[in-house]
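A, B, ... follow the sequence lines: proteins, then strands. Residue 1 opens every chain.
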Amino acid sequence: MDLKNIEEKWNTYWEKNKVFKFDINKLENKKYIMEMFSYPSGSRLHIGHLFNFSIPDSFAKYCIMKGENVFQPMGFDAFGLPAENFAFKTGIHPRESTYNNMEYMEKQLKKAGLNFDWEYTLRTCNPNYYKWTQWLFLKLYERGLAVQKHAPVNWCPSCNTVLANEQVVDGCCERCGSQIIHKNLTQWFFKITDYAERLLEGLDKIDWPEKTKLSQRNWIGKSVGAEVDFLLEKPVEVLVNEKQILNNINFNQKKLIDKITVFTSRPDTIFGATYLVLAPENPITLQITSLTQKQEVENYINSAIKKDEIARQSTTLEKTGVFTGCYAINPANNKKIPIYTADYVLATYATGAVMGVPAHDERDFQFAQKYNLPIIQVIKPLEFYKQESCKDLEKKSNLSNNEKNLKLPYVEDGELINSCQFDGLNNQLAKEKIIQDLEKNGKARKKINYKLRDWSVSRQRYWGCPIPIIHCDSCGIVPVPEKDLPVLLPETMDYHPDGTSPLAKNQEYMNVICPKCGKPARRDPDTLDTFVCSSWYELRYPSANINDKIFDTNLTNKMCPVDYYIGGMEHANGHLLYSRFITKVLFDAGLINFDEPFSKLIHQGMILGPDGQKMSKSKGNVINPDELIEKFGSDAVRLYLIFGFNYVDGGPWNDDGIKNCYKFMERVERFVDKVVDLRLDLNNEKSVANNTRIENLYDVNEKNLDYIRNYTINEYEKNVKAFTFNSAIARIMEFVNALYKYETFENKNVEFLVANTKDLIQLLAPFTPHLAEELWHKFNQDNSVFKSGFPKCDINKLIKDEIEIVVQINSKIVKRINIPTKSTNQEIENIAKKEISNKLMNREILKTIVIPNRLINFIIKI
RNA sequence: GCUGAUGUGGCGGAAUGGCAGACGCACAGGACUUAAAAUCCUGAGAGUUUUAUCGCUCGUGUGGGUUCAAGUCCCACCAUCAGCACCA
């Protein structure tokens with residue numbers, strides 16, 4: 001095989017004849033297939049990219065052959081840290097290196113035989129793209145969904161920038177691994193929390209992997225419960241301290257505090273609440289501390305904040321805390337309970353205050369034990385053993401022992417005790433009743449909380465989309481008018497990060513005239529998180545060449561949602577959540593008529609190194625796709641990636657695998673050449689004995705081959721639709737084996753053989769496009785194989801005259817017999833009985849099970 | 001710790017509750033060849049009986065269960081991987 005020539009020849013041919021070109025004027029049968037775009041960092045394309053892209057590309061080619069109008073665009077997520085860091089490393093300006101890398105990667109992708117619709121490509125660092133990212137920002141601002149907040153943010157001291165919660169892994173920066181710290185900064189946030197409920201609901205209607213949906217559900221973290229007010233009972237010492245504080249410091253709310261509001265998902269346990277806990281960072285904490293406890297509390301708060309900076313996550317699970325000196329009244333039973341501060345309560349979730357119910361919460365239990373706080377059981381297990389069928393008595397007695405000294409904390413459901421009028425209630429029911437009761441006195445209300453936090457989008461870096469906001473001393477925050485977009489990223493400047501925004505140092509950029517009042521003002525010095533850029537790109541792809549609006553609404557409505565979206569699982573709680581959020585915002589804004597971006601999502605697995613480890617330069621197990629394509633051609637690389645792995649799981653790389661795929665391709669080529677020769681002989685009338693019927697088949701061999709052909713097509717299509725392409729290839733291989741076999745028969749029907757061979761080439765085309773196109777043209781075709789349609793399976797041909805079924809006695813196989821396909825169950829039974837009469841030996845048949853086309857099972861007395 | 005996924009030959013991997021191991025690799029044998037490679041064909045889960053066939057037994061991480069029938073469903077456990085990590 002002259003791979004290089006073949007690949008070049010057909011790449012040129014396809015491009016020239018627009019074989020894979022999407023037709024924007026024929027949207028009735030469109031199919032939108034897209035893979036997550038890649039960032040053009042310095043590492044170029046790796047084998048994982050090819051795995052990610054090749055399989056959908058094959059699927060796209062299959063769809064094209066089935067006559068669908070496939071849109072398969074590709075672009076580059078070009079802003080952001082990887083590109084910028086690469087620039088620092090090489091000393092090249094990020095713009096230059098990014099554009100170079102994109103150009104190189106585009107070449108690599110083309111060389112890999114991936115036929116994207118390059119006319120619709122997007123580069124997020126291109127002003128005609130980020131203009132619309134800025135427009136999107138303003139849209140969110142207009143709708144009150146982009147807000148500035150002074151809040152503690154995750155700060156990476158090494159990257160010198162803010163990170164979103166989703167970008168923090170184990171308390172470290174997901175990119176460089178540095179320990180993150182918390183800084184109080186004024187930042188832009190997108191109010192994704194406003195959409196928490198809808199993001200949750202929307203999951204039910206999309207065809208995504210369950211694990212991804214689950215991951216998003218957990219990330220959103222809905223929790224249904226109640227807010228409960230605990231009135232304070234302040235000793236004099238507390239009042240003195242509080243007044244001092246209010247006088248001395250300019251406190252946010254300059255008033256006395258009379259209650260603490262906690263959030264709980266277990267209002268049913270409120271009678272067991274024996275203390276309250278405030279998060280150390282909660283501003284209330286100091287205010288309600290008594291003079292005697294002040295020093296201790298202050299020390300604790302300081303150490304907690306320090307701990308937070310180092311690694312609160314990795315500390316031991318041992319609970320610590322300090323008594324504040326203040327008390328509260330449990331509104332359920334009016335008991336006076338102490339208030340503590342402890343770092344196991346998070347300031348950032350709900351009200352930053354918790355009621356401690358040691359008997360029914362693991363953490364509260366530990367805390368109460370350590371500080372000798374009362375533990376009151378208010379729920380007992382339902383007496384379930386009565387219903388439970390306990391077979392051995394010993395177990396039963398153990399259970400009743402357990403009941404006597406029930407191990408606390410008990411966190412399961414049960415029946416209320418020690419809870420006054422609620423005693424005896426089922427605890428789920430009690431949740432409702434207790435809230436209702438407290439609600440009457442205005443001491444509680446139903447409340448839903450989410451773990452999801454607002455999305456922080458400000459980044460103190462150069463290489464990103466500038467935030468289109470102007471800060472004016474007299475007008476405050478002023479959005480850049482649409483006509484002034486894009487706010488261009490300045491070309492030349494010192495872009496090195498040093499903890500403040502590089503753009504802030506560029507006076508030319510920073511100083512502007514306020515569009516509202518005309519006085520001097522300053523630009524926002526930050527750039528946007530790159531996930532903003534990638535949160536809407538699928539909407540723009542079809543409109544990539546439209547410059548006067550974000551996208552053509554009409555077109556986008558026809559094209560979206562995306563039919564197939566393919567990419568890594570690692571974006572489950574990041575990009576994939578952000579895209580859904582932005583889509584919903586644009587839906588609400590009336591810009592689109594759908595509110596989920598991706599109907600179907602598929603994650604590809606990961607290709608590991610030959611040693612079964614993640615590929616990494618340091619381990620030296622990286623597979624370079626360029627070398628492989630050079631040596632074996634892109635078809636063989638693709639075929640191996642498809643055949644050698646389960647797409648969803650991935651797996652370790654194996655060098656032999658690709659050689660074998662190459663050999664298989666040669667085997668196909670040899671066969672096609674043989675058939676082409678046979679056909680020539682036929683045309684030259686050299687061959688006399690050959691039967692050239694194509695209608696009215698068959699002798700037995702023809703029939704067999706025809707069955708396999710139809711079987712192959714049928715299974716192939718099933719597999720392709722299920723994205724189990726490796727099995728589709730297996731069926732093709734079987735078909736090839738059958739063709740080889742048929743070819744050896746003396747009186748083979750050459751026309752029939754030719755027809756089958758053409759089918760084979762068509763089946764192969766999505767997986768080895770160049771080879772298939774080359775072989776196709778050996779039959780003097782004047783059109784591309786991809787425009788030749790797709791073989792059709794004749795379902796009737798799948799029914800054989802006879803079929804082998806298994807005969808079992810007591811579920812053990814005793815014989816395999818052939819029966820006519822159309823036999824009734826009774827006929828099958830009769831035939832089978834006769835066939836194994838020697839084994840049945842007239843014993844009584846208790847039961848007969850017939851599974852048509854598969855087996856018959858006689859249950860007999862032994 | 002919690003949640004989820006996975007566990008099948010020497011290897012990659014197949015199997016709507018119905019013949020486990022498709023397909024491929026590696027392996028063995030044969031044909032072709034002076035020979036090798038390549039190619040084409042054949043064989044093959046493990047064990048066991050037999051001159052050989054015919055058989056038989058055991059086999060999908062472990063132990064139970066449901067079923068006429070379990071890799072597949074249920075329960076418990078083990079191992080590996082991934083995610084979450086005090087969210088009250």
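Rounded to an integer number of Å, the gap from NZ of A:K370 to C1' of B:C86 is 14 Å. Look at CD on A:E412: it is 13 Å from C1' on B:C2, rounded to the nearest Å. Here the C1' atom of nucleotide B:G24 and the CZ atom of A:F645 are 13 Å apart, to the nearest Å. Here the C1' atom of nucleotide B:A82 and the CD atom of A:E210 are 17 Å apart, to the nearest Å. The distance between atom CD1 of A:I339 and atom P of B:A88, rounded to the nearest whole Å, is 21 Å. The CG-P distance, from A:L373 to B:A88, rounds to 21 Å in whole Å. We find that CG of A:N646 is positioned 18 Å from P of B:C11, with the value rounded to whole Å. What separates CG of A:L608 from P of B:A82 is a distance of 10 Å, to the nearest Å.
The pairing partner recorded for B:U3 is B:A82, the criterion being a Watson-Crick or G-U wobble arrangement whose two distances lie under 3.5 angstrom. Judged by Watson-Crick or G-U wobble contacts below 3.5 Å, the nucleotide B:U53 has no partner. With both pairing distances under 3.5 Å, B:U66 is matched to nothing as a Watson-Crick or G-U wobble pair. Searching all strands for a Watson-Crick or G-U wobble partner of B:U60 with both distances below 3.5 Å returns nothing. In a base pair of the Watson-Crick type (N1 to N3 plus N6-O4 or O6-N4) or a G-U wobble (N1-O2 and O6-N3), with each distance short of 3.5 Å, B:G12 is matched with B:C23. In this structure, B:U42 forms a base pair with B:A28, meeting either the Watson-Crick or the G-U wobble geometry with both donor-acceptor distances under 3.5 Å.
Two rings, from A:Y275 and A:Y371, have their centers 6.0 Å or more apart. Proximity of the aromatic rings of A:Y716 and A:F767 is defined here by a centroid distance below 6.0 angstrom, and this criterion is met.
In this structure, A:F671 and A:Y740 have tilted ring planes: the angle between them lies in the 30° to 60° band. In this structure, A:Y647 and A:F725 have perpendicular ring planes: the angle between them is above 60°, well past the 30° mark.
Between B:U72 and B:G61, the distance separating the two C1' atoms is 15 Å to the nearest Å. As rounded to the nearest Å, B:G13 and B:A20 have P atoms that lie 23 Å from one another. A distance of about 24 Å separates the C1' atoms of B:A5 and B:G9, rounded to the whole Å. Nucleotides B:C11 and B:G45, compared at atom P, are 15 Å apart to the nearest Å. Nucleotides B:G64 and B:C58 are separated by 14 Å at their P atoms, to the nearest Å. Nucleotides B:U39 and B:G24 place their P atoms 14 Å apart, quoted to the nearest Å. Taking atom P in both B:C19 and B:G71, the straight-line distance is 10 Å, to the nearest Å. Straight-line distance between the P atoms of B:G30 and B:A36: roughly 11 Å, to the nearest whole Å.
In this structure A:E570 satisfies the salt bridge (Lys or Arg N to Asp or Glu O under 4.0 Å) test with no other residue, sequence neighbours excluded. Every residue two or more places apart in sequence or in another chain that forms a salt bridge (Lys or Arg N to Asp or Glu O under 4.0 Å) with A:R445 is listed here: A:E227, A:D229. Under the salt bridge (Lys or Arg N to Asp or Glu O under 4.0 Å) criterion, A:K659 pairs with A:D656, sequence neighbours left out.
Put simply, the side chain of A:N719 gets close to the backbone of A:E715: a donor and an acceptor are under 3.5 Å apart. Panel note: side chain A:K748, backbone A:E743; a donor-acceptor pair is recorded below 3.5 Å.
B:G59 adopts an anti glycosidic conformation, its chi angle falling more than 90° from 0.
Ranking B:C86, B:A88, B:C19 by closeness to the A:V806 side chain, first place goes to B:C19.
Looking at heavy-atom distances under 4.0 Å, A:G605 makes no contact with the nucleic acid at all. Base engagement by A:E804 is indicated by at least one non-hydrogen atom pair under 4.0 Å involving a base atom. Within 4.0 Å (heavy atoms only), A:G221 reaches no atom of the nucleic acid at all. Within the 4.0 angstrom heavy-atom criterion, only backbone atoms of the sugar-phosphate kind lie near A:R266; the bases stay farther away. Note on A:K812: only backbone sugar-phosphate atoms sit closer than 4.0 angstrom, heavy atoms only; bases stay farther off.
Counting only N and O atoms by type, the side chains of A:N449 and A:S223 include no donor and acceptor under 3.5 Å apart.
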Report task. Test A:Y640 against A:N660 for side chain to side chain donor-acceptor pair (under 3.5 Å), laying out the working first. Result -> CA-CA 8 Å; A:Y640 171 57; A:N660 298 320; over 6 Å; no

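For A:K370, the NZ atom is densely surrounded, since the number of other residues' heavy atoms within 6.0 Å is greater than 12. Residue A:M733 places its CE atom among more than 12 non-hydrogen atoms of other residues, nucleotides or ligands, all under 6.0 Å distant.
For residues 719-739 of chain A, proximity to RNA chain B is found at A:N726, A:S727, A:A730, A:R731, A:M733, A:E734, A:N737, defined as any non-hydrogen atom under 4.0 angstrom from a strand atom. Looking at residues 654-669 of chain A, you'll see A:N660, A:K663, A:R667 sit with a heavy atom under 4.0 Å from some atom of RNA chain B.
Between A:Y740 and the phosphate of B:C41, there is no side-chain N or O to OP1/OP2 separation shorter than 4.0 Å. Between A:R670 and B:C40, a side-chain N or O to OP1/OP2 separation shorter than 4.0 Å is present.
Residues A:R816 and A:A350 both approach RNA chain B. Their nearest nucleotides, taken by heavy-atom distance, put A:R816 toward the 5′ side.
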Could you go over nucleotides 68-77 of chain B and give all protein N or O partners under 3.5 Å, atom names and distances?
unit_1 : atom_1 : unit_2 : atom_2 : d
B:C68  : O2'    : A:S811 : OG     : 2.4
B:C68  : O2     : A:N857 : ND2    : 2.7
B:A69  : O4'    : A:S811 : OG     : 3.3

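Contact annotation: the side chain of A:L798 approaches that of A:Y707 to within less than 4.5 Å [non-hydrogen atoms, C-beta and beyond].
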